[in-house]
Participant: 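Quick one: this structure, given as structure tokens, is what I'll be asking you about.
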Amino acid sequence: MANVKLKQLKKVYGKDVIAIKGADVSIKDKEFVVLVGPSGCGKSTLLRMIAGLEEISEGELFIDEEKVNDLSPKDRDIAMVFQNYALYPHMTVFDNMAFGLKLRKHKKEDIKRRVEEAAEILGLSEYLQRKPKEMSGGQRQRVAIGRALVRQPKVFLFDEPLSNLDAKLRVQMRIEIKRLHKQLEATMIYVTHDQIEAMTMGDKIVVLKDGYVQQVDSPMNLFNNPANKFVAGFIGSPAMNFLEGRIEKSNELEFVSGLVRFGIPEKLGLHEKLKPYIGKSLIFGFRPEYLYDKEKENSKELSVDMDIILDVTEPVGSESFNYFHFEGQEDKTFCFRSDSVYQYQGNEKIKVGLDINRLRFFDKKTEIRIA
Amino acid sequence: MLRKQSIWVILTTTFWGTIILFGCSSPQSNLLRLSSWVSSPSETELFKATLDDFRRQKPDLAFKYEPIPGNYSEKLQLMLGTRTAPDIFFLKGMTAPSYMSFGILNPLDDLISQSPNFDLDDFYPFALEAFQYEGKQYGLPKDFNPYVLFYNKKLFRDQGIDSFPSNWQELEMMSRQLTLDQDQDGKTDQYGFIVEPSIEMVMPFVYQNGGNFQNPDGSLGITDEPFIEALKFYHGLYKNGIATMAQDQGVAWNGDAFGRGICAMAISSGWLIPFLKDNYPDLEYGILPLPMGKQKATVAFTTAYSMPKATKYENEAWEIVNYLVGKDGMESWTKTGIAMPTRKSVAKANGFHDHPTFKVFMESAEFARPFQVQYSERGFEEVVVALQAIFYTEKEPRKAMEDIEAQIKKYRLVGSK
Amino acid sequence: MKLSSKQKQQARTAYLFIAFPLVIFGVFTFFPILFAFFISFFDWNLLIHDKPFVGLANYFELFQDRVFLISIKNTIVYTIGVVPIQTLLALVLAFIMNQKLKGRAFFRLAFYLPAVTSSVVTSIIFVWIYSKPGLLNYLLSLIGIEGTDWLTNPGTALFAIMALNIWTTSGYFMISFLAGLQSIPQSLYEAAKIDGANAWQQFWKITVPMVRPVTYFVIVLGLIGCFQVFDQIYVMSAGGPVNSTTTMSYFTYNNSFKFFRLGYGAASAIILAFIIFGATWLQKKYLPSEAY
């Protein structure tokens, strides 16, 4: 069993720089877990703590039910793929991949077999005698993966491995890594700053910000049920729209922000949660993908409606992203998604609808999701 | 654009031109120059005082005294070779044969004969002969210093020795008596004698044994029996543990070891006296002529004033030299006791023969010889190496000498007898 | 390539600027080398007017000169002893200095200081350290070893001077290696750690191959420097005892300036030059200078 458990892991530099503040994560055997977050959130630090390249200041780390806090990297049975590949430039591809095995005194035939197998899987068979400088970025990354592969470790660690590749190659490699994961049935922990990468690759995603774990969940759950405003705004592209406003009670509960006003149906079951906010400010979040032009589209579901004024439309091929503002609030820009069949003009007045199941509310101060 | 560039051209040329001009300006003035080596600060001061005496007598004769620190002979050679040599310089007796054979020194005979009252016969013959070549006089000896035996009066008294070594056997016997392990720790604390692997120290014993480095007929005497016998005797004192060497004691030279009482006797010369006065003023010591072998002999070091051939200021330089080796100049220089006068009259007039210390030096002059051979510096170097082999690696003396005989023969000075 | 008149003018100005330094360089470096080669074919005594042409006689005599042959042997022993040890020591020191240790700056200074101190000064200090009652023997006596006078013992004199030079020059080359070490990405060491390499293995399998260009540089300079060793010999041992520390450049100095034979000395210097050329050529041929 190659599961990984992080219990209250903390990392402190010097006396007062706390890089990781009490991370609790449970990774199951064979899972592909992505650590994602903006720069400086601590995702690489967390990965390096799992690898053993950074000391754990507090907390416990378990690999396969064994506490490994004090074990050196080579004793943890992990392998790591680095962002800049970290290939040994003076060795051939074969020697790069064989290095770890040689150090562990594997038999020559065993080494040859493993390396050749890995090379086969990664399409490197004809490059075994080349040196890294003679290979392209993508090939080098494969060699780095191959080096980890031959070790047959309990856990594979990836530290932003695709960040140095161009966009097209990145997409290709993503698929290859996922394919590899399926083939090997191995536990993989993957760090990236790219939320699209996280969403497409992870079985489970750990969202980090400022050293704190914000939420650990499946991609869909993160998308639909973000724990706080940060996760809501971080996951999904284009980002979720946020509108600050108030809850008011007339006959029923209403959300009011400037000229925007809509009622919140009782049957949504949100009244209990929203009652404390009557007369108070809170933040209303709604995704561009769930807004639709009421004139052009019909929906079976009940919707809340808003009047918007279009600013700019950006066609990206099959769809368009349309930027708008609410009347009376010209300085705030929002976005809704439409099929590019519809061509909008600037300043056009549109009525957009939002499925009532897609309403999300966040506390203004704590940013935690209310409903 | 063109104008700007020509301004730069002018500036550059001026800049470099100035630098070159400054660099090329000759450092030497057109004054007469006198140079000596620098052996010790006290000696330099004394010499300067002697020169000042001359300046008082002849204030119109302007000259510059330029002592040469460091490697005197190498610097002098370079100056002579590039014709920038001083007009008067010190010439060591041992290296005189080389210089004389190269023909770069000015013969002084005419200058001597033109000077009334010079009195060439007043000089000790051995000192003059050291600077003669093919019948001409190329330097005038300013002083000499023979090797004598210094002994530590207190150490002799402590062992109850009231006589002094007058021959080799007595030297060996008394050295043995004076070699002690006072604190019984297995290590000798006091030695009777001290030796050094230099040819000058060995030669007195060779001469006393009737041997020679170079025989009168020009052949090498270093493998002849008298030489080898003397060498074996000298080395034997060290080998048998009754003589030590300066480096074994971690001191710079014999004189220092003697001053500290590490050895009871040491062979040295006039320069040890001011050294002991400055550094070990309480040491009670006496001076004796060297113990005798088959005959009396010692080695004397003498230095001369010489002039380079075709010097610009021949007459003016001669005036200075005339004074310095004249009766007055020599008296003023030697009465400090730093070295002995080469003029018999100066010795007599200043009581050198009665002076308790100096009379031994003068006595030794009777049987002193300059150590000079007609071989180049390389020859000396080979001998030094051979001696080092004998003293440091216990090489057998006869074998050591035989090994270098062929080599030294090659370095015979051209044009020598 | 045809230059415009403006370019020609600029070129002229450029030449004017470097003309004088070039002349000085030519006069004080190139000319003496050529002149030395020239006089090696003559019996050249500075003090004798006659300087006859002797062809290759000086060279023939050199190879029959016992002391010259000893000097070649001494120089080679010296070089073979000093260069490898000094190179390795410099690398090891640099590796240690590159770790985050306390007092790093002090140790860097302590190792580099001898390299920038005058060689004459360090030589004189070491004459005293190596003497019979000197510091080295004192330290040895603390562990029960009785030392000799290191510089007057023909068996130890050369090695004493070699040790001195290794100590002084290592610091200098340590700086070069430090620069080289700092250009090795930290991630390589991390990957090696994960692969299972301990510090020793990291040193030999990553550091050493990756600093190869610096190693090449250090060895070339080390070779050239060692072949020409002079200062310490001149100050400390005067080529002795028994010629055990006579190196080729000391031999050249003696014969040229003490024994009045400039032509002979020049010939020995030319032979030394050829040996250095040969060694450097061999190194270029057989030692790789690139890391990868």
Side-chain angles (χ1 to χ4, degrees), chain A residues 44 47-48 50-54 71-93 95-106 111 130-135 140 143-151 153-161 164, chain C residues 87-88 90-92 94-95 98-105 176-220 283-292:
Chain A
S44 279
L47 190 77
R48 287 163 65 87
I50 299 172
L53 296 173
E54 296 278 357
L71 288 183
S72 69
K74 66 175 161 101
D75 295 323
R76 297 190 186 193
D77 206 2
I78 49 107
M80 187 148 149
V81 180
F82 292 81
Q83 180 176 355
N84 64 356
Y85 325 132
L87 296 180
Y88 308 119
H90 55 286
M91 297 187 198
T92 60
V93 168
D95 288 331
N96 261 283
M97 296 207 281
F99 190 63
L101 298 176
K102 280 205 200 121
L103 286 173
R104 283 158 216 262
K105 308 246 191 327
H106 284 239
I111 297 179
R130 289 225 197 147
K131 291 249 178 81
K133 71 174 175 188
E134 298 161 13
M135 306 180 71
R140 288 187 209 172
V143 178
I145 296 173
R147 179 169 62 180
L149 218 70
V150 302
R151 290 264 322 284
K154 286 204 182 111
V155 185
F156 283 85
L157 305 171
F158 294 85
D159 191 355
E160 302 207 47
N164 287 5
Chain C
T87 306
L88 188 63
L91 179 56
V92 169
F95 190 75
N98 207 28
Q99 311 297 321
K100 293 179 183 34
L101 295 171
K102 278 214 178 78
R104 207 156 52 136
S176 311
F177 274 122
L178 255 177
L181 285 182
Q182 285 169 356
S183 71
I184 302 177
Q186 191 59 19
S187 54
L188 278 189
Y189 289 111
E190 289 177 347
K193 257 193 227 168
I194 293 178
D195 271 339
N198 58 29
W200 177 258
Q201 288 162 326
Q202 285 173 41
F203 180 75
W204 284 108
K205 295 206 190 280
I206 298 193
T207 311
V208 170
M210 292 294 284
V211 294
R212 245 211 289 267
V214 182
T215 311
Y216 184 86
F217 163 80
V218 166
I219 292 182
V220 168
Q283 174 171 352
K284 185 145 209 309
K285 191 151 189 228
Y286 292 111
L287 232 58
S289 65
E290 295 299 321
Y292 49 89

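Predicted model, so just to flag it, every value in this text is computed and none were measured. So you know, we letter chains A, B, ... as the sequences are listed, proteins then strands, and number each from 1.
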Participant: Could you walk me through whether A/Phe156 and A/Val81 satisfy the side-chain contact (heavy atoms from CB on, under 4.5 Å) test, starting with their C-alpha distance in whole Å, then the side-chain angles of each, then the deciding distance to 0.1 Å, before giving a yes or no?
Facilitator: CA-CA 8 Å; A/Phe156 283 85; A/Val81 180; 5.6 Å; no
Participant: For residues C/Pro288 and C/Arg212, determine if any side-chain heavy atom of one lies less than 4.5 Å from a side-chain heavy atom of the other.
Facilitator: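 Yes, side chains in contact.
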Participant: Taking A/Lys74's backbone N and O only, do any of them form a donor-acceptor pair with A/Arg104's side chain (distance below 3.5 Å, no angle check)?
Facilitator: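 Indeed, once roles are kept as given, a pair shorter than 3.5 Å links the two residues.
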Participant: Has A/Gln83 got a side-chain atom pairing as donor or acceptor with A/Asp159's backbone, closer than 3.5 angstrom?
Facilitator: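 No, A/Gln83 side chain to A/Asp159 backbone: no donor-acceptor pair under 3.5 Å.
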Participant: Test C/Phe95 against every option in C/Phe177, C/Phe203, C/Trp200 by the ring pair (Phe, Tyr, Trp, His ring centres under 6.0 Å) rule and name the one that passes.
Facilitator: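 Among the candidates, only C/Phe203 passes.
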Participant: Under 4.5 Å, heavy atom to heavy atom, which residues of residues 95-102 of chain A contact chain C?
Facilitator: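 Within residues 95-102 of chain A, the residues that come under 4.5 Å of chain C (heavy atoms only) are A/Phe99, A/Gly100.
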Participant: I'd like to know if the side chain of A/Arg147 reaches the main chain of C/Ala191, judged simply by a donor and an acceptor atom lying under 3.5 Å from each other, with no hydrogens or angles considered.
Facilitator: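 A pair under 3.5 Å: no.
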Participant: Is a donor from one side chain sitting under 3.5 angstrom from an acceptor on the other, for C/Ser187 and A/Tyr85?
Facilitator: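 No.
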Participant: Counting only heavy atoms closer than 4.5 Å, note whether A/Phe82 contacts chain C via side chain, backbone, both or neither.
Facilitator: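 Just its side chain gets close to chain C.
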Participant: With a 4.5 Å heavy-atom cut-off, do C/Tyr216 and C/Gln283 have their side chains touching?
Facilitator: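 Yes, at least one pair of side-chain atoms sits under 4.5 Å.
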Participant: Answer with side chain, backbone, both or neither: which region of C/Glu190 has an atom nearer than 4.5 Å to a non-hydrogen atom of chain A?
Facilitator: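 Backbone plus side chain of C/Glu190, per the 4.5 Å heavy-atom cut-off to chain A.
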Participant: So for A/Leu53, is it side chain, backbone, both, or neither that comes closer than 4.5 Å to the heavy atoms of chain C?
Facilitator: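 Only the side chain of A/Leu53 comes within 4.5 Å of chain C.
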Participant: Quick check on A/Arg76 against chain C: is it the side chain, the backbone, both or neither that has a heavy atom closer than 4.5 Å?
Facilitator: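 Answer is neither: A/Arg76 stays 4.5 Å or more from chain C.
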Participant: Sort out for me which of C/Lys205, C/Gln201, C/Gln186 touches chain A most, counting heavy-atom pairs under 4.5 Å.
Facilitator: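 Heavy-atom pairs under 4.5 Å are most numerous for C/Lys205.
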Participant: Is A/Leu87 close to chain C through its backbone or its side chain, or both, or neither, when contacts mean heavy atoms under 4.5 Å?
Facilitator: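 The backbone, not the side chain.
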